[in-house]
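The shown structure was predicted, so the numbers you read here are calculated from the model rather than taken from an experiment. A, B, ... follow the sequence lines: proteins, then strands. Residue 1 opens every chain. Computed from heavy atoms alone, side chains included, the values below leave out hydrogens, waters and symmetry copies.
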Amino acid sequence: MTDFSPQYLDVLNEEQLAAVTHEGKSLLILAGAGTGKTRVVTTKIAWLIQHKHVDPYSILAVTFTKKAANEMKERAIALEPKAAWSQIRTFHSWGANFLRRYADEAGVSKNFTVYDEDDMATVLFDAIPSLPKKEAPHIVKKISLAKDYGLTPTSKNLELVGGDGVFAEQYALYQERLRLTGNVDFGDLILLPYLTLKNNEAIRRDIHFRYRVIMVDEYQDSNIAQSLLLQELSGINENSGTYVCVVGDDDQSIYRFRGAEVRNILEFKNQFAGTDLIRLVQNYRSTPEILYCADCVVSNNEGRLGKTLVAARGKGKKPTLVFLPNQDDETQFCADIIEQQHKKGVPYSDWAILYRTNAQSLGFETNFLHSKIPYAIVGTLKFYEREEIKDALAWISLVANPRDVVAFRRIVNKPARGVGPASQDKIVEAGLGQNLVESAKKMKLPKKASEGIAEFCKIFDELNSMLPDEEMNLGGEAAGSAEENEGAAPKAVDANKLSLADFIKEVCEKTGLNEFHEAQDEIAGTQKLANLEELTNSAVQYPLCRKGLLDFLDSINLDRSTLGEEEDGSLQDRVTLITLHNTKGLEYKRVIITGMEYGVFPREGKVGDDLEEERRLFYVGITRAQNELYFTSCAIRRLYGRTNYMQPSPFLYELEKGSVRVLGQQPFAFQGAYDAGSGTSSSATYSDPIAKKYRKGAMVYHDDWGHGQIVSGDFTADGEYVVTVNFETGGSKKFLPKYQSSSLLVEGT
DNA sequence: CAATTCGGGATCTGC
DNA sequence: TCCCGAATTG
């Protein structure tokens with residue numbers, strides 16, 4: 001077995017192989033965009049199991065998004081089926097699982113659900129009724145950030161998150177109130193496991209015994225709390241012998257604003273003593289021309305470990321920088337180039353249009369609708385934030401945990417049952433930290449409210465009694481097997497067996513949600529009833545029991561992404577419209593990065609670390625492109641209803657002369673910054689009006705050939721003026737403008 | 001409670 | 001400019 005080399009190792013390059021077979025000390029893999037990072041991690045898992053005989057059960061691999069976790073799990077299992085026994089999941093879902101197991105030690109209810117920021121605001125408001133309405137979200141953000149930084153209400157350095165004199169107290173009051181609900185917020189899913197491990201040696205020993213290998217993907221996205229958790233989890237300071245391997249790219253860290261800390265990756269070698277570093281720089285995605293641009297830009301950042309991507313691919317097209325008069329021209333330029341290429345057989349799905357802010361998508365949508373260019377906007381549909389879905393989920397959550405004040409308030413008077421705010425407050429105050437429904441039953445209230453509460457409690461009890469504690473066992477697997485799987489996707493439920501979907505169906509019917517929204521749909525033409533059905537369907541595979549209910553709620557609360565969005569948009573021939581942030585981890589054959597203007601990208605006022613983060617975002621955008629890359633920059637842009645004269649993005653200056661082809665009217669600041677074209681001709685004198693109009697450098701549009709630029713203009717021996725035009729499509733043509741004035745149009749005149 | 005008006009604010013968004 | 005939430009009004 002010594003020389004046995006599994007096939008899957010053959011496809012790796014030298015640096016990838018070194019990363020896969022590395023052992024011993026901790027390892028930081030600095031993996032640039034498109035260098036096969038996921039392949040390395042999944043192969044490493046397979047190699048450890050097959051070749052090093054590591055127990056798959058003792059391997060933990062964490063990612064930041066559910067999508068990434070699913071992909072990693074799938075690919076690891078494809079290489080080595082035993083990887084199904086490994087823990088491959090998101091940080092937060094691991095945390096939720098840990099907290100359910102050690103609920104008592106962590107001080108939460110076993111059947112907690114997870115509060116999002118809206119819910120947090122409700123809790124905060126309950127805790128501090130005097131708080132002005134619009135301040136709540138502000139403070140909630142600070143609390144979230146504090147938890148991301150690993151700070152508790154008694155921490156000394158709360159000013160790190162902008163905490164002022166009263167913040168510590170607000171945070172403390174919030175915490176107190178939150179604990180009374182039994183529930184947790186997202187920050188708790190990291191912070192509480194960290195504190196529990198830190199303060200409880202027995203649990204810590206259990207965990208160190210269990211996990212022998214820990215890998216973290218996208219480590220540049222980790223926050224301080226996650227780094228602290230990793231240190232406790234791995235027992236790095238206690239000689240646990242656990243092997244830790246983190247993978248990331250400091251150049252792609254773009255989530256500082258929500259607590260991600262690049263320094264985690266920069267200082268990994270200090271936190272995990274004796275770390276080895278392996279760089280993956282062989283890039284299999286992009287042409288060398290695109291990678292050159294990426295490097296020009298990112299090398300302007302100071303806080304980085306430093307690496308330069310090396311193209312594995314051969315030469316391609318030079319990226320193009322296009323200066324346009326305004327945003328309408330920008331959308332039109334995109335529409336034109338996509339349409340021209342489409343006529344030549346380039347599918348729409350090759351293209352992605354990237355922008356800094358969602359608001360910028362509007363112009364493209366309008367234009368594409370009109371131009372009949374099919375498109376799909378990525379990442380706007382927030383299924384679980386819809387009113388009707390939140391209502392249904394509130395009922396479900398309250399059944400799971402009757403101490404859930406937020407859920408209780410949300411539904412107790414919806415539809416109206418005469419239980420107004422005053423009655424609600426009374427019930428909540430009396431029932432704090434207890435079963436709110438039971439408390440409500442005992443409460444003395446005005447006649448109207450008391451009738452309403454009776455009705456509410458009746459519905460609740462009926463729903464509650466539908467749920468057995470354990471899965472009804474009709475000859476299937478033993479209940480509790482899900483515990484072994486630790487929340488892995490539940491097995492399909494027999495068709496003739498009741499599933500959780502039946503419960504949710506009842507919820508929608510009994511509570512009047514269906515009735516209410518059916519009426520709404522007719523009036524407003526909405527889809528609410530259908531959305532509720534979709535929610536019901538998504539629960540089909542969960543068993544009808546309390547455990548199934550909690551698993552279902554976790555699956556929703558820990559993946560707010562895309563239910564309701566098309567499963568595989570890539571199968572459809574459509575242009576992708578997407579924010580730069582959303583492109584991380586994705587790739588497209590042809591990419592247009594739009595709105596390259598100061599104030600838009602980078603956003604106004606960004607300096608220092610914030611500016612470096614914007615630059616990394618630009619770097620992420622550039623490195624999404626496989627074959628072709630365009631940048632567009634407008635001289636004028638409407639913002640908030642005002643017309644603004646824009647300066648080109650400072651990032652454009654960082655693209656070195658000769659790294660891009662420039663089209664359009666260069667702003668004054670750019671005169672001479674770039675070669676306008678490749679022509680060397682001495683050019684024509686501009687005394688001739690036609691020659692003046694069709695001069696070298698001008699942008700033109702031709703009915704058949706599309707957009708292009710005049711790269712040379714000369715007079716023939718006969719005195720005829722001839723221009724050579726390089727078209728966007730790559731072709732080059734000569735024209736006699738004298739005879740072409742109607743079909744060859746000079747743009748911007 | 002529903003319809004209407006008024007005013008403020010406007011990034012990116014994982015789990 | 002435009003959208004959302006809060007306040008006002010019938």
Determine the interatomic distance between C1' on B:dT13 and the same-named atom on C:dC2; round to the nearest Å.
-> 22 Å

Which sits closer to the 5' end of DNA chain B, A:D148 or A:G418, going by the nucleotide each is nearest to?
-> A:G418

Base, sugar-phosphate alone, or nothing: which one does A:N358 contact when heavy atoms must sit under 4.0 Å apart?
-> sugar-phosphate

What string of B, S and - do you get for nucleotides 3-10 of chain C, 5' to 3', when a contact is any protein heavy atom under 4.0 Å?
-> ---S----

P atoms of B:dC12 and C:dG5, separation to the nearest Å | 16 Å

salt_bridge(A:E387, A:K528) N-O dist < 4.0 Å | no

d(A:C334 SG, A:Y375 OH) to nearest 0.5 Å is 14.5 Å

Pick base, sugar-phosphate or nothing for A:K134, based on heavy-atom distances below 4.0 Å to the nucleic acid.
-> nothing

NA contact type, A:F64, heavy-atom cut-off 4.0 Å: base, sugar-phosphate, or nothing?
-> sugar-phosphate

Describe the nucleic acid contact of A:N582 in one word from base, sugar-phosphate, nothing, applying a heavy-atom distance below 4.0 Å.
-> sugar-phosphate

Is any side-chain N of the basic residue among A:E218 and A:K37 closer than 4.0 Å to the acidic one's carboxylate O?
-> yes

For the residue pair A:F257 and A:H581, is the inter-centroid distance of their aromatic rings smaller than 6.0 Å?
-> yes

What does A:A416 touch in the nucleic acid at a heavy-atom separation under 4.0 angstrom: a base, only the sugar-phosphate, or nothing?
-> sugar-phosphate

Cation over ring, A:R100 on A:F112, under 6.0 Å and within 45°?
-> yes

Go through DNA chain B in 5' to 3' direction and return only the first and the last nucleotide with some atom under 4.0 Å of chain A's heavy atoms.
-> B:dC1 to B:dC15

First locate atom CD of A:E135, then atom CZ of A:F125, and finally report the distance between them rounded to the nearest 0.5 Å.
-> 10.5 Å

Atom-pair distance (CZ on A:R637; P on C:dT1), nearest Å = 17 Å

DNA chain B nearest-nucleotide lookup for A:L558 and A:R356: closer to the 5′ end is A:R356

Do A:R258's NZ or CZ and the ring of A:Y255 fall within the cation-pi criteria of under 6.0 Å and 45°?
-> yes

Using a cut-off of 4.0 Å on non-hydrogen atoms, how would the nucleic acid contact of A:K141 be classed: base, sugar-phosphate, or nothing?
-> nothing

Is A:R417 paired with A:E451 through a side-chain N to carboxylate O contact shorter than 4.0 Å?
-> no

State, with a plain yes or no, whether a side-chain heavy atom of A:T331 is found less than 4.5 Å away from one of A:F368.
-> no

Within this structure, what is the CZ-to-C1' distance between A:R642 and C:dC2, rounded to whole angstrom?
-> 14 Å

